[in-house]
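Here the structure is laid out as structure tokens; the discussion comes afterwards.
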Amino acid sequence: MKETVILDAKSIQRVISRMAHEILEYNKGVDELVLIGITQGANILCERLHDSIKKIEGVSLPTGIIDVTLYRDDINSGNSQKTVHKTDIDFSLEGRNVILIDDVLFTGRTIRAAMDAIMDFGRPRTIQLAVLIDRGHRELPIRADYVGRNLPTARDEKVVLDMRDTSDDKVMIISEIKSKGK
Amino acid sequence: MGIELKHLLDVDTLSKEDIFFILDTAESFKEITSRDIKKVPTLRGKTVINLFFESSTRTRTSFEIAGKRLSADTINISATSSSVTKGETLLDTLRNLEAMNPDVIVLRHPASGAAHFLAKHAACAVINAGDGQHAHPTQALLDLMTIRERRKGGPAGLKLTIAGDITRSRVARSNIKLLNKVGIDVSVCAPASMIPAGIETMKVRVFHNMKDALSGADIVMMLRIQKERAGKSLFPTLREYSRYFSLNKETIKYAKKDVIVMHPGPMNRGVEISSQIADGELSVILPQVANGLALRMALLYLLAGGAKQ
């Protein structure tokens, strides 16, 4: 196992701040803007973006959490069911500009599920995708509107975000070291 | 994380971790019911058969709506409208239903052990929705879910009293077992004719008057008294039963001030519970029904999803 730190706390902070500016620039402000994070990976990232936008515009955007387990396309594979976490969206999405937030964009399947789930809550004007890491390997025609960092990876590598403690935030790539005997 | 569950026949085989996992899942499902579009695509293409050999409003409707909100195809078969009236055996009914390849059968049956029998012969998942006097696991789980929701400190150490016909109650049996597992201190209260022999082995305390039974209780669970049993060997008259064993504005004073009042339904107002209490602020009878729906959605998700072996 080899761990490589890709982003440290300072860089993550800068990246999030830049993404917040991009979101505000593209949407020309905060009108009708809402943030929705995909649980559980993006809970903290969603909060950070919220705080960052608040710092810039002085406005606290409506923020929700969505669980996409029940919309996944792999429900019928695997032996035990994936844990279902709480969805919490206590505002209408009708006509809103939804910033959908995830930590790592990989195959795109989670995002497909999340878009289906969001549509069940109403008809937003737009859904825009913001991810901290885009690691490639897409299996569906999905792309992000706001990307923190493009990160070319091998398929069997893992990208891990540790954002529990602001001063010690990091993004790591974990790769298996292949044994030479084989 | 996760749970390996093929059937849900009783609560005996559930570990404490399983129980809390099921309840956590159920809590996540609650929100779906508050949406404008109360449906998720999770069980698309799955078939759930509600096979009910006894009358039921709550449980059957609850399972039916639970299936539908998960996008499963649910169908209801009741004994009176099926070939059972023509003398078909339970096993033959099962074989014929299985020929149509359902994913889950939800069974309610007057014979204790019917769900175990069905599960032994069934290829699909079986959920016991009440079998005779034996078990009603989904009721016990939804009761615990309701308790946990209202006592954030956790269920361990709470005192709960079940009052009513304990002998004939599958709700009581499943609840005693389940609640004991999570550390709730369970007492039962009824005339001696309604307490089964050997109940002490189930780790409960037995009382024959409401005053002692309710003393210090955090939760009281009333059971329905079957009116047709009055005047036979169990108790002389409904009025007499009601006088000594009903929950009303007088007897509730023996319990803690913020006692939670539960009833699995259907209620006999004025017999085991007064309307004032049933409709009062302490009653969680309707929240129990709402939680029942979320709980059954969670169970269908856990049992009907996943790869087939």
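Computed from heavy atoms alone, side chains included, the values below leave out hydrogens, waters and symmetry copies. Letters go in sequence order (proteins before strands), and every chain restarts at 1.
- For CG of B:D36, the number of neighbouring non-hydrogen atoms (other residues, nucleotides, ligands) closer than 6.0 Å is 12 at most.
- Atom CD of B:E281 has 12 or fewer neighbouring heavy atoms from other residues, nucleotides or ligands inside a 6.0 Å radius.
- Side-chain atoms of B:S28 come within 3.5 Å of backbone atoms of A:V84 as a donor-acceptor pair (strictly under, hydrogens ignored).
- Heavy atoms from other residues, nucleotides or ligands lying under 6.0 Å from OH of A:Y26 number 12 at most.
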**Request:** Evaluate the salt bridge (charged side-chain N to carboxylate O under 4.0 Å, His left out) criterion for residues A:K86 and B:E31: first the C-alpha distance (whole Å), next the side-chain angles of each, then the deciding distance (0.1 Å), finally the verdict.
**Result:** CA-CA 8 Å; A:K86 285 201 175 92; B:E31 167 269 332; over 6 Å; no
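- The distance from the CZ atom of B:R35 to the OG1 atom of A:T87 is 5.5 Å, given to the nearest 0.5 Å.
- Residue B:K38: no heavy atom, backbone or side chain, is found under 4.5 Å from chain A.
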**Request:** Apply the test side-chain contact (heavy atoms from CB on, under 4.5 Å) to residues B:F21 and A:T83: give CA-CA distance (whole Å), side-chain angles for both, the deciding distance (0.1 Å), then the verdict.
**Result:** CA-CA 9 Å; B:F21 180 77; A:T83 307; 3.6 Å; yes
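- Side-chain atoms of B:Y301 and A:T69, non-hydrogen and from C-beta on, do get closer than 4.5 Å to each other.
- Shown here is A:R125, whose CZ atom has no more than 12 heavy atoms of other residues, nucleotides or ligands within 6.0 Å.
- Counting heavy atoms from C-beta outward, B:D24 and A:H85 have side chains that stay 4.5 Å or more apart.
- Heavy-atom contacts from other residues, nucleotides or ligands closer than 6.0 Å to CZ of B:R150 number more than 12.
- The neighbour count for A:R164 CZ, taken as heavy atoms of other residues, nucleotides or ligands under 6.0 Å away, does not exceed 12.
- A pairwise comparison of heavy atoms in B:K39 and A:D120 identifies O-OD2, 3.4 Å as the closest pair.
- No side-chain heavy atom of B:T42 sits under 4.5 Å from any side-chain heavy atom of A:Y71.
- For chain A, the nearby part of B:I32 is the side chain; its heavy atoms alone come within less than 4.5 Å.
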